[in-house]
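Because only heavy atoms are used, hydrogens play no part in the values below, and waters and symmetry mates are left out as well, while side chains stay in. Each chain gets a letter, A, B and so on, in the order its sequence line appears, and its residues count up from 1.
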Amino acid sequence: MPELPEVEVVRRGLAERSVGRTITGLEVLDARSLRRQSGGEGRLRAVLLGARISAVVRRGKFLWLRLADGTTADGTTADGPTPDGAVSDGGGPDGAETGEALMAHLGMSGQLRLTTGESLTPARGASEGPASDPLRHRRVSLSLEDGSRIDLVDQRLFGGLWASPLVPAPDGLPAGEGSPDALLPEAAAHVARDLLDPAIDLPEVARRMRARRAPVKALLLDQALVSGIGNIYADEGLWAARVRDDTPGTALSQRTAHALLRETAAVMRRALAVGGTSFDALYVNVDGRSGYFARSLAAYGKEGEPCPRCGTAIRRRAFAGRSSHFCPRCQRAR
DNA sequence: CTGACCCTGAGG
DNA sequence: CCTCAGGGTCAG
């Protein structure tokens, strides 16, 4: 559910309130959230404890925290592996970059919540709690030096946290939103630039789409081609550009393919401006608040409702293992 | 490129 | 009780 705009809302919240802080604790309530961490909790602990958060970066739906050597309470410097030559000193005043990033992916139901000292609820039994407890599905928590906490809350456990070494981005351009340089985590190296990335080459992405026979919706969802788009914004972008989901990439003109990308970007920008899309409490920002874009959706989840453009009932069908929503009248196959 | 899998909770 | 929802990954 969280797609680019929602993840960007989270990135901004974290960047505002966690950059410069040192990580002082790691609490793992459900090890399944660390599924992608080789070496498990012990390895993650070694990377995180004593590290200072120097930046919060996003590419597509992937988020990562850049880590620098922080100063521990007793004044000693935390250690961390530094891959030779990869990192000189991107860090701030009190430490060199550790060469590792903390990756975060929210999956379907993941949230990163920031809780300040006062609002920390008295520790209930593990992740058990009343249905009203917003932290009921808390899986992992990072304690920060100021007493605040970053909580990964994830009902369905598709998301996760894991450490990944930084490598240079092949094009030498900033690795993502919020990135101080061209270094990106190895784990995000396969992820294409997203539609809100100033360094994305839209005509080139359009050309690559047109070189593939797969249905255009599958291409929009291919994170290695263009990242950040999920089922909701794919349907909305296709609706905005009046393109049918099953149109083969090869059937698109350069003009149409480019327009589709621009329309999808525009939808995501509008969603971001109102805090993202959420249908319920499952997607929220770092303070637990929902965005307002759901009320602006034209196609997604609107089966049977009139198309805002022509009034025809929106249709829904299974597509590539997911559901697809479109207007049968004004979204024509090409 | 399709489908299974990872998961849980809502809804039929 | 069964099915469905869905991002990413990986086997086939």
Near-strand residues of residues 211-227 of chain A, defined as heavy-atom separation under 4.0 angstrom from DNA chain B: A:R212, A:A214
Candidate nucleotides C:dG7, B:dT8, C:dG6, ranked by approach to the side chain of A:R139 - the nearest: B:dT8
For A:S141 and A:D151, indicate whether the former's side chain and the latter's backbone hold a donor-acceptor pair under 3.5 Å. no
When rounded to whole Å, the CD1 to C1' distance for the pair A:I229 and C:dG7 reads 14 Å
Rounded to whole Å, please give me the gap between CD in A:E3 and P in C:dG6. 10 Å
Taking NZ, NE, NH1 and NH2 as the nitrogens, is one of them in A:R317 or A:D246 under 4.0 Å from a carboxylate oxygen of the other? yes
Does C:dC4 have OP1 or OP2 under 4.0 Å away from a side-chain N or O of A:R156? no
Length of the line joining A:K61:NZ and C:dG6:P, which is rounded to integer Å: 11 Å
Residues A:K217, A:D235: salt bridge by 4.0 Å N-O rule: yes
State plainly whether the residues A:D245 and A:R322 are in salt-bridge range, i.e. N to O under 4.0 Å. no
Lys/Arg-Asp/Glu bridge criterion (N-O < 4.0 Å) met for A:R59, A:D197: no
Can you find a donor-acceptor pair, distance only, under 3.5 Å between A:R322 side chain and C:dA5 base? no
Nearest whole Å is fine: how far is C:dA5 P from A:Q155 CD? 16 Å
Can you confirm whether A:R45 is buried at CZ, in the sense that more than 12 heavy atoms of other residues, nucleotides or ligands lie under 6.0 Å from that atom? yes
Round to a whole Å and report the spacing from CG of A:D194 to P of C:dG7. 16 Å
Before accepting this row, confirm whether a basic side-chain N of the pair A:R12/A:E16 lies closer than 4.0 Å to the acidic partner's carboxylate O. no
A:E145/A:R52 ion pair, N-O < 4.0 Å: no
Among the nucleotides C:dT9, B:dT8, C:dG7, whichever has the atom closest to the side chain of A:R36 is C:dT9
Any side-chain N or O of A:S323 below 4.0 angstrom from OP1/OP2 of C:dA5? no
Whether A:H190 contacts C:dT9 is assessed here as follows: a side-chain N or O lying under 4.0 Å from the phosphate OP1 or OP2. Is that the case? yes
Atom-pair distance (CZ on A:R136; C1' on B:dG9), nearest Å: 9 Å
Within the structure, does a side-chain N or O atom of A:Y233 lie under 4.0 Å from either OP1 or OP2 of C:dG7? no
So if I take every side-chain heavy atom of A:F62 and compare against B:dT8, C:dG6, C:dG8, which nucleotide ends up nearest? C:dG8
I need the CG-P distance between A:L157 and C:dG8, as an integer number of Å. 16 Å
Round to a whole Å and report the spacing from CG of A:L106 to C1' of B:dC7. 15 Å
Of the candidate nucleotides B:dG9, B:dC7, C:dG6, which contains the atom at the shortest distance from the side chain of A:M108? C:dG6
Ignoring backbone atoms, test whether A:H105 places a side-chain nitrogen or oxygen under 4.0 Å from the OP1 or OP2 oxygen of C:dG8. yes
According to a strict under-4.0 Å criterion, is A:H137 in side-chain N/O contact with OP1 or OP2 of B:dG9? yes
